Amino acid sequence: MDQQWFADLEARIPHGEVRTRFAPSPTGYMHVGNLRTALYTWLIARHAGGKFLLRIEDTDQGRLVEGAVDVIYNTMRRCGLTWDEGPDVGGPVGPYVQTERRSLYKAYAQLLVEKGAAYYCFCEKAESKEDSGEFQREDDPCRNLDPKEAQARVDAGEPYVIRQRIPHEGHTTFHDAVYGDITVENSELDDQILLKRDGLPTYNFANVVDDHLMGITHVVRGAEYLSSAPKYNLLYEAFGWEIPTYVHCSSIMIQDSETGAVRKMSKRHGDPSYEDLLADGYLNEAVVNYVALLGWAPRGELAEREFFTLDELAAVFDIEGVSKSPAAFDIAKLTYFNASYLRAMAPEAFAAAAEPWIRKSVTKPAFDVSAIAALLQARCEKLSDIPEKVDFFDKLPVYGVDLYTNKKSKTNTDVSRTMLKAAIPALEALPVWDQTSVHDCLIDLAVQLGVKNATLMWPVRIAVAGKAVTPGGAVELCCILGREESIRRMLIGLALLG
RNA sequence: GGCCCGGUGGUCAAGCGGCUAAGACACCGCCCUUUCACGGCGGUAACACGGGUUCGAUUCCCGUCCGGGUCACCA
């Protein structure tokens, strides 16, 4: 590649605006940690009125997953994390898929070889971590190969990788917006591979090249990359490129439900991914809101605030508020956020969201789904709580008479029998069957019988539902069940009471 | 093990030399009530430890301990 080729690429780089990028590998699902990184990356760009790009890092040919890129698109869209440039929408610095940029990495790696900052290595591939420790990297015979000889072997078709030539002496300091200055001895750094035998770049190299060529100003990533960051500086320096602002985010931990140990959250251990959470009835807005607060907190006046929409987050997000210490994912708190979002929904919106879940156990068309949803809105924390709560509508459960005994309501089987005997004819005689008439009827009856409301309501509710805990009270349930079914169930209860 | 990074209640966290050390979740009470919820009110609970620096340390420095990360032709 000649000078002009490189110059043309450099000429495409936008300047003068904040540009961030989310660069996932297509693995087929979104980790909660990845989601948070994507979110923070997006927020930094949007807060600054800059650009947010999507780049697909698919350089690991051995781990390609069918359809995984679509999962990324869908997840990002679902979360509202819009991108200005990316594989599907294009942009000035494309292509945005790394395998489509392969010739580029090779050219830059060779440029580094010419500069003396990298070298060809012909050593056998290490089959395992242990193997790689056979000899100290600094003793790598290839490192000191005569450039002409190395080139000759390359030209002869001998397989090779290109390694970064790390100085043996001195130290490297890099700056991170969250962690501050970090200094390491160069002797601690290894001559990492830049270009693999298959001609594709390693993550560490592709990142540097792409981030520069795409004009990325803020590199946001997980803290697991913190220790490799100094090597990046050396690369940028060798190229003579401006170093972007690094923003490393601490890991998201989770307490293992079995061992109780705290470890990094991972799909491999069965920890929930974004998709899993949605499938379990969590709302996207709640997940995003919760995740935003896992490792970031608003400061000053906003310090006590917890509820934010995406746009509100974009307005107040600042790197200053990003935490250095790892945060534990707490499903209970996410559940609280979810419950709050659920309750804040317009009744119609909630009914629409709840319907598929209600229909999992309420299949009879006669029952009014929106009426059931109304009962559920304040009584479920996540949509998946629903089916179990409304399972008695379709079919009266088999239950024992002990349910009729409740101390607080002052009922037992004898009292319940009396109550049902009185309630059945009263309800049968009602001219209309609606919330108000059923309610007034039973309240009046309680007065006539000289008992507290609960004493009458309890057995009625137990009879029509067949379970101790129900969403809504006797009146609501009777209304939804309808007169015929309600009376039928009360007669069954009466029979049970003997 | 080497190197790097962390350490405020069980969890998320505010704090950025002087505070009775916020707030939220969870938990526990009480109220409301037609079960359960919702809602309202209240409560238990924290600066890992030891040295410094300073008139004064949760806050700054060092050490210890603990936790995490990383040492791949994976990202």
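Quantities reported herein were computed from a predicted structural model and do not represent experimental measurements. Here is the naming used below: chain letters follow the sequence lines, and residue numbers restart at 1 for every chain. The basis for the numbers below is simple: all heavy atoms, side chains too, and nothing from hydrogens, waters or symmetry mates.
Legend: salt bridge (charged side-chain N to carboxylate O under 4.0 Å, His left out) pairs involving residues 410-421 of chain A, not counting sequence neighbours, sorted by first then second residue: D414(A)-R417(A). For residues 396-407 of chain A, there are no salt bridge (charged side-chain N to carboxylate O under 4.0 Å, His left out) pairs, not counting sequence neighbours. Residue pairs meeting the side chain to side chain donor-acceptor pair (under 3.5 Å) criterion with at least one member in residues 22-31 of chain A: none, sequence neighbours excluded.
A cation-pi arrangement is present between R153(A) and F122(A), with the terminal nitrogen or guanidinium carbon under 6.0 Å from the aromatic centre and inside a 45° cone about the axis.
Remark: S228(A) is not in phosphate contact with C71(B), judged by side-chain N or O atoms under 4.0 Å from OP1 or OP2. Considering only side-chain N and O atoms, R299(A) lies under 4.0 angstrom from the phosphate OP1 or OP2 of G15(B). Considering only side-chain N and O atoms, K324(A) lies nowhere under 4.0 angstrom from the phosphate OP1 or OP2 of G68(B).
Annotation: side-chain hydrogen bond (donor to acceptor under 3.5 Å, both in side chains) contacts of T470(A) (sequence neighbours excluded): R461(A). In this view, Q377(A) satisfies the side-chain hydrogen bond (donor to acceptor under 3.5 Å, both in side chains) rule with no residue, not counting sequence neighbours. Not a single side-chain contact (heavy atoms from CB on, under 4.5 Å) links A315(A) to another residue, sequence neighbours left out. Take E275(A) and apply the side-chain hydrogen bond (donor to acceptor under 3.5 Å, both in side chains) test, not counting sequence neighbours, and it matches T75(A), S273(A). In terms of the side-chain contact (heavy atoms from CB on, under 4.5 Å) criterion, residue partners of A68(A) (sequence neighbours excluded) are, by chain and number, P26(A), V65(A). Every residue was checked against the side-chain hydrogen bond (donor to acceptor under 3.5 Å, both in side chains) condition with K264(A), not counting sequence neighbours, and none meets it.
F308(A) has its CZ atom 12 Å from the C1' atom of A24(B), to the nearest Å. As a whole-Å value, the separation of F122(A) CZ from C73(B) P is 17 Å. We find that CD of E224(A) is positioned 8 Å from C1' of G69(B), with the value rounded to whole Å. Put simply, CG on L189(A) is 20 Å from P on G69(B), counting in whole angstrom units.
Residue E304(A) places its side chain closer to A22(B) than to any other of A75(B), G69(B), A22(B). Of the candidates C74(B), U11(B), U70(B), the closest approach to any side-chain atom of D60(A) belongs to C74(B).
Comparing T183(A) and A297(A) by the nucleotide of RNA chain B whose heavy atom lies nearest to each, the residue mapping closer to the 5' end is T183(A). RNA chain B is contacted by both R305(A) and E185(A); E185(A) maps to the nucleotide lying nearer its 5′ end (nearest heavy atom per residue).
As judged by a 4.0 angstrom heavy-atom cut-off over every strand, V262(A) is placed among residues touching the sugar-phosphate backbone only. T27(A) comes within contact range of no nucleotide atom at all, as no heavy-atom separation falls under 4.0 Å. Residue contacts for Y225(A): at a heavy-atom cut-off of 4.0 Å it reaches a base atom on one of the strands shown. Within the 4.0 angstrom heavy-atom criterion, only backbone atoms of the sugar-phosphate kind lie near L293(A); the bases stay farther away. At the heavy-atom level, E320(A) lies under 4.0 Å from base atoms of the strands shown.
Glycosidic conformation of C28(B) is anti; the angle lies outside 90° of 0.
Residues from residues 330-337 of chain A lying near RNA chain B, meaning a heavy-atom separation below 4.0 Å, are D330(A), A332(A), K333(A), Y336(A) in numerical order.
As rounded to the nearest Å, C60(B) and C74(B) have C1' atoms that lie 41 Å from one another.
Taking a pair to require two hydrogen-bonding distances under 3.5 Å in either a Watson-Crick or a G-U wobble arrangement, C66(B) pairs with G6(B).
The aromatic ring centres of Y282(A) and F337(A) sit 6.0 Å or more apart. Residues F329(A) and Y290(A) place their aromatic rings such that the two centres sit under 6.0 Å apart. Note: Y40(A) and W296(A) fail the aromatic proximity criterion, with ring centroids not under 6.0 Å apart.
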With the criterion being N/O to N/O and under 3.5 Å, what pairs connect the protein with nucleotides 57-65 of chain B, and how long is each?
none

Quick one, give me the B/S/- string for nucleotides 32-46 of chain B, reading 5' to 3', where B means a protein heavy atom under 4.0 Å from the base and S means that only happens at the primed atoms, P, OP1 or OP2.
-BBBBBSS-------
